[in-house]
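I have placed the structure first, in the form of structure tokens, so that the comments after it can refer back to it.
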There are 2 protein chains.
Amino acid sequence: MSEGVEWALHSCLNLSWLPIGQAVPAAKLAEFYSLPAAYLNKQLQALARAGIVSSTSGPRGGFQLARSPERITLLDVVVAIEGAEEAFRCDQLLKRGPGADPAADYRESCLVSQAMRRADLAWRGELAGQTLADLKARVERHYPATPGNTVNRFAALRA
Amino acid sequence: MSEGVEWALHSCLNLSWLPIGQAVPAAKLAEFYSLPAAYLNKQLQALARAGIVSSTSGPRGGFQLARSPERITLLDVVVAIEGAEEAFRCDQLLKRGPGADPAADYRESCLVSQAMRRADLAWRGELAGQTLADLKARVERHYPATPGNTVNRFAALRA
DNA sequence: GTTCAGATACTCGGATAGGGACTGTCCGAGTCCTATTGG
DNA sequence: CCAATAGGACTCGGACAGTCCCTATCCGAGTATCTGAAC
């Protein structure tokens, strides 16, 4: 899996702590973790295309969450970066085997495909069951100082 | 995910129908689905290294299941091909952030990592809960002619 | 008929190229702020 | 003093190379089998 997923998740989490209406440039988000700014910008563009964050150009511009953390699941973020196609893609091997039905859609009937798809659904279900708000609350519960520290750090970067 | 996983699963399934003690060369397994023989051979080598199949050199040699299908989970096959590392690997981004503890292992304490790991465990659990025997039985239930057809086809290829 | 040696053919196993995707970087289009100038 | 305007700086967005892993292929090491002859 692309490492951009990790960057996107942590960046969304940071954005969730900032006051709403405040946009943060990609350069600041990158400096926070010493990441390459241009490349993180690329990942944020993907999040913007997916409607997870909204982007604003010009001075005082940047990125901010496009909707409340309660309405952003971890699956949304992963899909925005990795794409919607499932990890195991059935090439319909059976269609190339003996006694194959050329008209059949083996992505549905092949039991190997079904078994892999079930695992994929379990993975997606686990990610879809956790919102960014859940994750945010969990962090605040374990590390109460994190929200304040994060806001202060970004304010310092802004100076 | 590597397409070799699909090839390996179907090949293991085919091997499960043949009488025990009978080895099948990689070339025959490849011809069954019109796959490149040398490359499928590479995947079968990975299965052999993982102890899922056993290999025999020389005439009448080839591959066969190393243990009963009841003791081979789908996860075993996937891990043999894809490797044991989980899809989401935590780069410990927090260690590069402000206020980081250099001695901490953020792969454990980072809650983002934990969330992703939970999804990974759900995926692995689903795959580990299905054995090759389960899959085999399911195929035999839906397509009763498959085992006999497969054996006959391999016998024809052997001619 | 039996046995043994040699040759043969077959199979796996690892070493060797080619291609696509992820990683990383750069510059241009658009936007907002600001300073200046004229009324 | 106020307003309009031109300039400038900042930010996103997409277009351009570098690198690693997956895909694909080939040839050599090892082994069981078969043939033939000798006993």
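Reminder, nothing fancy here: chain letters follow the sequence lines and each chain counts from 1.
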Atom pair distance, as rounded to whole Å: CD in A:Q45 and P in C:dG30: 15 Å
Side-chain N,O (B:R49) to OP1/OP2 (C:dC12) below 4.0 Å: no
Within residues 54-67 of chain A, residues whose heavy atoms come under 4.0 Å of DNA chain C: A:G58, A:P59
Gap between atoms CD and P, on A:E6 and C:dC22 respectively (whole Å): 17 Å
Residues that A:N152 engages under side chain to side chain contact (heavy atoms under 4.5 Å, CB included), provided they are two or more places apart: none
Listed partners of A:R107 passing salt bridge (charged side-chain N to carboxylate O under 4.0 Å, His left out), at least two apart: A:D105
Nearest-angstrom distance from the residue atom CD of B:E82 to C1' of D:dC22: 10 Å
Heavy-atom check, side chain of A:F32 versus side chain of B:P98, under 4.5 Å: yes
Separation of C:dC10 C1' from B:E31 CD (nearest whole Å): 16 Å
Difference in axis direction between the ends of the helix from C:dG1-D:dC39 to C:dG39-D:dC1, five pairs, 10°: 10°
Set out, line by line, the N/O atom pairs under 3.5 Å between protein and nucleotides 23-25 of chain D.
unit_1: D:dT23; atom_1: OP1; unit_2: B:E3; atom_2: N; d: 3.3
unit_1: D:dT23; atom_1: OP2; unit_2: B:S2; atom_2: OG; d: 2.7
unit_1: D:dT23; atom_1: OP2; unit_2: B:Y39; atom_2: OH; d: 2.8
unit_1: D:dT23; atom_1: O5'; unit_2: B:Y39; atom_2: OH; d: 3.2
unit_1: D:dA24; atom_1: OP2; unit_2: B:E3; atom_2: OE2; d: 3.4

Side-chain donor-acceptor contact under 3.5 Å, A:W17 with A:E140: yes
Greater than 12 external heavy atoms within 6.0 Å of B:R89's CZ: no
Inter-residue atom distance A:L15.CG - A:I52.CD1, 0.5 Å rounding: 11.5 Å
Sugar-phosphate, base or nothing in reach of B:A26, heavy atoms under 4.0 Å: sugar-phosphate
d(CD, A:Q22; P, D:dT11) in whole Å: 13 Å
Chi angles and distances behind the side-chain hydrogen bond (donor to acceptor under 3.5 Å, both in side chains) call for B:T131, B:D134: CA-CA 5 Å; B:T131 68; B:D134 296 332; 3.1 Å; yes
Donor + acceptor pair across side chains of A:D76, A:T73 (<3.5 Å): yes
Separation between CD of B:E82 and CE of B:M1, rounded to the nearest 0.5 Å: 5.5 Å
Point-to-point distance, once rounded to the nearest 0.5 Å, from CG of A:L75 to CD of A:E126: 11.5 Å
Spacing between A:N41 atom CG and D:dC16 atom C1', to the nearest angstrom: 15 Å
For atom CD1 of A:I81 and atom P of C:dA21, their distance in whole Å: 17 Å
Show me the donor-acceptor pairs, under 3.5 Å and distance only, between side chains in residues 7-14 of chain A and residues at least two apart or in other chains.
unit_1: A:S11; atom_1: OG; unit_2: A:W7; atom_2: O; d: 2.9

